[in-house]
Amino acid sequence: MDKIISDFNQPPKTEQQLLQNAEQLAGMTFQQVAKQLALNVPQDQKRHKGWVGELAEKFLGATASTLAEPDFQHIGVELKTIPLNKHGRPAESTYVSTVPMTNIAGLRWQDSIVCKKLSRVLWLPIEADKVIAMDARRFGSATLWSPTPTQEAMLRADWEELMEMIATGEIDKISSTHGQHLQIRPKAANARSLGRAHTADGDPTSTLPRGFYLRTSFTKTIFE
DNA sequence: TACTGATCATTC
DNA sequence: GAATGATCAGTA
């Protein structure tokens, strides 16, 4: 067993290697994976919301840590855990990245963080049914994905609409109802958090930090 | 049950 | 504070 484990925790050199390592997770419980990494499984996720994602990163050897870049930098792959309910559909929207609010003049879709992160994603399904105890929940079978031209066009259209609103100083008019597939929602420690932004005139101001999220209606199409 | 707005942990 | 990892929890 130890020999198998020894390949993990190291950054994968190729997509194939990453996919093979991820396949080892399929069917394993959180407890089994945590044990290999000498970690304890929390009782619930009220105070451990990112725990499963971090567990998967450690197991697979992700390197980008807190950078605004794909998790597996040199092979350009982003890792996303995707909670599936008992019907096998995504239970939550998927966080993509922070919304940039400064230095966005002339920012193009193809240069955006959203585009870069979503160009290649390793989706790792996880059980999210609350009737299953945390340590008994299992990982599913990972899939490597890139947006189809159609999907990318949809994301791009949403992104451009939303970024246009930000560029014209309308960020506080944005709610989660904007965007058909890509939405903007708060992404902060709490509702009083403030981040730097600027008005349409370029004057400094501050507003609630927000993030881009993929709607479940979009992610579910990936798993059909 | 789905959705929106709010929140939690960690790192630098 | 700003970036990462997300899920919580109230209500429509």
Side-chain angles (χ1 to χ4, degrees), chain A residues 11 25 30 33-34 37 39-73 77-104 112-114 116-118 121-134 137 139 158 162 166 171-198 204-221:
Chain A
L25 283 171
F30 294 177
V33 178
L37 298 172
L39 299 172
N40 295 316
V41 183
Q43 286 287 304
D44 59 53
Q45 295 182 105
K46 286 178 187 172
R47 295 188 173 276
H48 302 274
K49 296 185 180 180
W51 186 80
V52 181
E54 287 157 10
L55 180 69
E57 284 191 341
K58 277 184 183 158
F59 189 88
L60 296 173
T63 56
S65 79
T66 185
L67 302 177
E69 291 184 16
D71 297 299
F72 300 95
Q73 294 163 292
V77 177
E78 172 76 9
L79 173 66
K80 291 279 173 222
T81 55
I82 177 83
L84 300 182
N85 61 25
K86 56 187 165 188
H87 304 298
R89 289 192 290 264
E92 292 278 357
S93 52
T94 302
Y95 169 69
V96 180
S97 77
T98 303
V99 175
M101 294 184 287
T102 55
N103 301 318
I104 57 172
S112 69
I113 297 171
V114 176
K116 283 184 178 152
K117 285 200 172 188
L118 294 184
V121 179
L122 184 72
W123 294 100
L124 184 58
I126 55 175
E127 270 179 338
D129 189 342
K130 285 195 199 296
V131 305
I132 305 172
M134 276 291 285
R137 293 186 197 174
F139 286 92
D158 285 340
L162 292 163
I166 294 168
I171 183 150
D172 288 317
K173 292 183 184 171
I174 295 178
S175 79
S176 53
T177 58
H178 291 88
Q180 289 185 56
H181 312 283
L182 189 68
Q183 65 177 176
I184 284 180
R185 301 219 308 277
K187 176 65 164 124
N190 57 60
R192 276 84 61 199
S193 299
L194 291 176
R196 281 196 304 272
H198 55 68
T205 182
S206 53
T207 187
L208 180 65
R210 294 148 219 252
F212 285 111
Y213 294 78
L214 293 174
R215 294 182 181 277
T216 53
S217 55
F218 181 86
T219 50
K220 81 174 188 186
T221 65

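Excluded from the calculations below are hydrogen atoms, water molecules and symmetry mates; all remaining heavy atoms, backbone and side chain alike, are included. Naming convention: chains lettered A, B, ... in sequence-line order (proteins, then strands); numbering from 1 in each chain.
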Counterpart residues, side-chain hydrogen bond (donor to acceptor under 3.5 Å, both in side chains), relative to T94(A) (two or more places apart) |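 Scan of T94(A) (side-chain hydrogen bond (donor to acceptor under 3.5 Å, both in side chains), adjacent residues dropped) gives none.
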
Among dT4(B), dT7(B), dG5(C), find the nucleotide with the atom closest to the side chain of E54(A).
->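 So the side chain of E54(A) is nearest to dG5(C).
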
Taking the side chain of T98(A) as heavy atoms from C-beta outward, which of dA3(C), dT7(B), dT4(B) is closest to it?
->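 The nucleotide sitting nearest to the side chain is dA3(C).
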
Whole angstrom is fine here: how far is it from [atom1] in [X] over to [atom2] in [N]?
X: H178(A); N: dG5(B); atom1: NE2; atom2: P; result: 10 Å
X: L182(A); N: dC3(B); atom1: CG; atom2: P; result: 15 Å
X: Q43(A); N: dC8(B); atom1: CD; atom2: P; result: 20 Å
X: E69(A); N: dT11(B); atom1: CD; atom2: C1'; result: 16 Å
X: I184(A); N: dG5(B); atom1: CD1; atom2: C1'; result: 14 Å
X: Q180(A); N: dC3(B); atom1: CD; atom2: C1'; result: 16 Å
X: Q183(A); N: dA2(B); atom1: CD; atom2: P; result: 15 Å
X: W51(A); N: dT7(B); atom1: CH2; atom2: P; result: 25 Å

Do the side-chain N or O atoms of R196(A) get closer than 4.0 angstrom to the phosphate oxygens (OP1, OP2) of dA2(C)?
->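 For dA2(C), OP1 or OP2 has a side-chain N or O of R196(A) closer than 4.0 Å.
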
Residue-phosphate contact under 4.0 Å: S175(A) side-chain N/O, dT4(B) OP1/OP2 |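 No, outside the criterion.
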
Any N/O donor-acceptor pair, K187(A) side-chain to dT4(C) base, under 3.5 Å =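 Side chain to base: pair found, below 3.5 Å.
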
Position toward the 5' end of DNA chain B (nearest nucleotide), R47(A) or T216(A) =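 The residue mapped nearer the 5' terminus is T216(A).
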
With DNA chain B as reference, determine whether H87(A) or N190(A) sits nearer its 5' end, using the nearest nucleotide of each.
->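 Here H87(A) is the residue nearer the 5' end.
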
N/O to N/O distances under 3.5 Å, protein versus nucleotides 7-9 of chain C:
| from | atom 1 | to | atom 2 | distance (Å) |
| --- | --- | --- | --- | --- |
| dT7(C) | O2 | K49(A) | NZ | 3.2 |
| dC8(C) | OP1 | K130(A) | NZ | 3.2 |
| dC8(C) | OP2 | K130(A) | NZ | 2.7 |
| dC8(C) | O4' | K49(A) | NZ | 3.3 |
| dC8(C) | N4 | E92(A) | OE1 | 3.2 |

CG/N103(A): more than 12 non-hydrogen atoms of other groups inside 6.0 Å |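 At most 12 heavy atoms, drawn from other residues, nucleotides or ligands, come within 6.0 Å of this atom.
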
Sugar-phosphate, base or nothing in reach of K80(A), heavy atoms under 4.0 Å =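 Counting heavy atoms under 4.0 Å across all strands, the contact made by K80(A) is with sugar-phosphate only.
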
Would you mind classifying the nucleic acid contact of R210(A) as base, sugar-phosphate or nothing, using non-hydrogen atoms under 4.0 angstrom?
->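 Since no nucleic acid heavy atom lies under 4.0 Å of R210(A), the category is nothing.
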
Examine distances only and state if a side-chain atom of D129(A) and a backbone atom of I132(A) form a donor-acceptor pair shorter than 3.5 Å.
->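 Side chain of D129(A) to backbone of I132(A): no pair is present.
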
F30(A) ring center near F139(A) ring center (under 6.0 Å) |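 F30(A) vs F139(A): aromatic centres under 6.0 Å.
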
Taking five pairs at each end, how big is the angle between the two axes of the helix from dT1(B)-dA12(C) to dC12(B)-dG1(C), to 10°?
->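 End-to-end axis angle for the helix from dT1(B)-dA12(C) to dC12(B)-dG1(C): 20°, rounded to 10°.
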
Between P209(A) and S193(A), which heavy-atom pair has the shortest distance, and what is it?
->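 Closest approach of P209(A) to S193(A): CD-O, 3.6 Å.
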
pair L208(A)-L194(A): side-chain heavy atoms closer than 4.5 Å =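 The answer is no; the side chains never approach within 4.5 Å.
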
